[in-house]
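In what follows, a single structure is set out as structure tokens and then discussed.
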Amino acid sequence: MVYIIMKKKLRIVLLSLATLLVIDLLLPTKIQNPVEGCGRESYNQKSFWHPWGDHKHAGIDIFARKGTPVHPAIGGIVVATAHNFGKGGNCILIFSSGLRFHYYAHLNEIDTHIGAVVTQKSVIGKVGNTGNAAGKPSHLHYSISSIIPQGDWRWSSKQMMFYINPIKELEK
């Protein structure tokens, strides 16, 4: 029984990796602002790694009207979704090319599921103010992380991840 379960999980992982390889070859590698209709003016140019209480702000906050559609910054595979998940509230984690994880938090609603293959045209959720953003202006917290250093990065020993500056990536 355990062998059958492990074999199924291995098959899913291999299929996911094969899908990611296809995504890597066919889809754009340049990221886009994930909040529909928002540009450079929607986030603070100095917000990445800014002191934030007892830690550093590992991403950027993109401000928009509550309910504004959120698209993946880049195509990938949805590896996690969560409702009311601590500080992030409603959030999504997408694995993309370059061994990167893209994190979308404070969503009003989630419009995707684990295992979904998404493109930059997919709607994955709507801007909100859940988690520790409750009572604050609606926005999307967006961050990029990786297990290897790349681009303009900072190390977080707490999460054991390298955080990549999304501002630099959006402006490429």
Side-chain angles (χ1 to χ4, degrees), residues 23 27-53 55-114 116 118-134 136-147 149-156 158-159 161-172:
I23 287 170
L27 296 179
T29 55
K30 183 179 182 333
I31 70 169
Q32 68 180 9
N33 188 319
V35 180
E36 190 172 289
C38 285
R40 192 168 192 238
E41 72 289 345
S42 60
Y43 54 88
N44 182 329
Q45 297 295 306
K46 298 176 184 172
S47 61
F48 176 70
W49 221 249
H50 185 76
W52 196 258
H55 65 284
K56 300 286 186 175
H57 193 242
I60 59 172
D61 292 336
I62 304 169
F63 292 88
R65 184 176 300 136
K66 188 174 191 172
T68 302
V70 174
H71 302 270
I74 191 167
I77 299 169
V78 177
V79 294
T81 63
H83 293 274
N84 301 315
F85 185 70
K87 294 178 182 180
N90 298 335
C91 51
I92 299 169
L93 187 65
I94 295 176
F95 183 64
S96 77
S97 59
L99 300 174
R100 291 180 171 191
F101 293 94
H102 298 259
Y103 177 68
Y104 307 82
H106 307 310
L107 296 163
N108 188 51
E109 53 185 80
I110 295 172
D111 297 325
T112 191
H113 61 278
I114 295 172
V118 293
T119 69
Q120 290 177 317
K121 293 181 181 179
S122 306
V123 174
I124 57 172
K126 306 280 188 313
V127 171
N129 58 349
T130 59
N132 68 355
K136 297 177 183 163
S138 295
H139 66 279
L140 173 74
H141 173 85
Y142 172 63
S143 66
I144 308 169
S145 59
S146 179
I147 56 172
Q150 34 182 305
D152 179 9
W153 60 270
R154 306 291 185 278
W155 169 252
S156 170
K158 185 177 180 182
Q159 280 87 21
M161 294 293 275
F162 295 95
Y163 283 89
I164 300 159
N165 185 345
I167 296 167
K168 301 278 182 164
E169 296 297 311
L170 285 167
E171 295 178 355
K172 281 187 177 178

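Hydrogens, waters and symmetry mates are skipped; everything else that's a heavy atom, side chains included, is used. The structure displayed is predicted, hence computed values, not measured ones.
Annotation: side-chain hydrogen bond (donor to acceptor under 3.5 Å, both in side chains) contacts of Y142 (sequence neighbours excluded): H102. Under the ring-ring contact (aromatic ring centres under 6.0 Å, His included) criterion, F162 pairs with W153, W155, not counting sequence neighbours. Residues passing the side chain to side chain contact (heavy atoms under 4.5 Å, CB included) test with A116, sequence neighbours excluded: V78, T112, H113, V118. Applying the side chain to side chain contact (heavy atoms under 4.5 Å, CB included) rule to P69 yields the partners E36, H71, V123; only residues at least two apart in sequence or on another chain are considered. N44 meets the side-chain hydrogen bond (donor to acceptor under 3.5 Å, both in side chains) test with no other residue; sequence neighbours excluded. For S146, the side-chain hydrogen bond (donor to acceptor under 3.5 Å, both in side chains) partners two or more places apart in sequence, or in a different chain, are Q150. Scored by the ring-ring contact (aromatic ring centres under 6.0 Å, His included) test, H139 finds F63, H106 as partners (sequence neighbours excluded). For E41, there are no side chain to side chain contact (heavy atoms under 4.5 Å, CB included) partners at least two apart in sequence or on another chain.
Pairs passing the salt bridge (charged side-chain N to carboxylate O under 4.0 Å, His left out) check and including a residue from residues 93-104, sequence neighbours excluded, read R100-E169. For residues 68-83, no pair satisfies salt bridge (charged side-chain N to carboxylate O under 4.0 Å, His left out), with sequence neighbours left out. Counting only residues at least two apart or in different chains, side-chain hydrogen bond (donor to acceptor under 3.5 Å, both in side chains) contacts with residues 61-70 comprise H57-D61, D61-H141. Counting only residues at least two apart or on different chains, no salt bridge (charged side-chain N to carboxylate O under 4.0 Å, His left out) pair has a member in residues 70-80.
Between the side chain of T130 and the backbone N or O of L107 there is at least one donor-acceptor pair closer than 3.5 Å. For the pair Y104 (side chain) and A73 (backbone), a donor-acceptor distance under 3.5 Å is present. Between the side chain of E171 and the backbone N or O of R40 there is no donor-acceptor pair closer than 3.5 Å. Judged by distance alone, with hydrogens and angles left aside, the side-chain atoms of T119 form a donor-acceptor pair with the main-chain N or O of K121 at under 3.5 Å.
Here the shortest heavy-atom pairing between S122 and P72 reads O-CD, 3.1 Å.
Under the 4.5 Å side-chain criterion, counting only non-hydrogen atoms from C-beta, V35 is not in contact with S42. Counting heavy atoms from C-beta on, the side chains of I167 and Y43 come closer than 4.5 Å. N90 has its side chain out of reach of N108: every pair of non-hydrogen atoms, C-beta onward, lies at least 4.5 Å apart.
Rounding to the nearest 0.5 Å gives a distance of 5.0 Å between CG of L170 and CD1 of I60. L140 contributes atom CG, which lies 12.0 Å from atom CG of N129 (distance to the nearest 0.5 angstrom). In this structure, I147 CD1 and F101 CZ are separated by 6.5 Å, a value rounded to the nearest 0.5 Å.
Heavy atoms from other residues, nucleotides or ligands lying under 6.0 Å from NZ of K168 number 12 at most.
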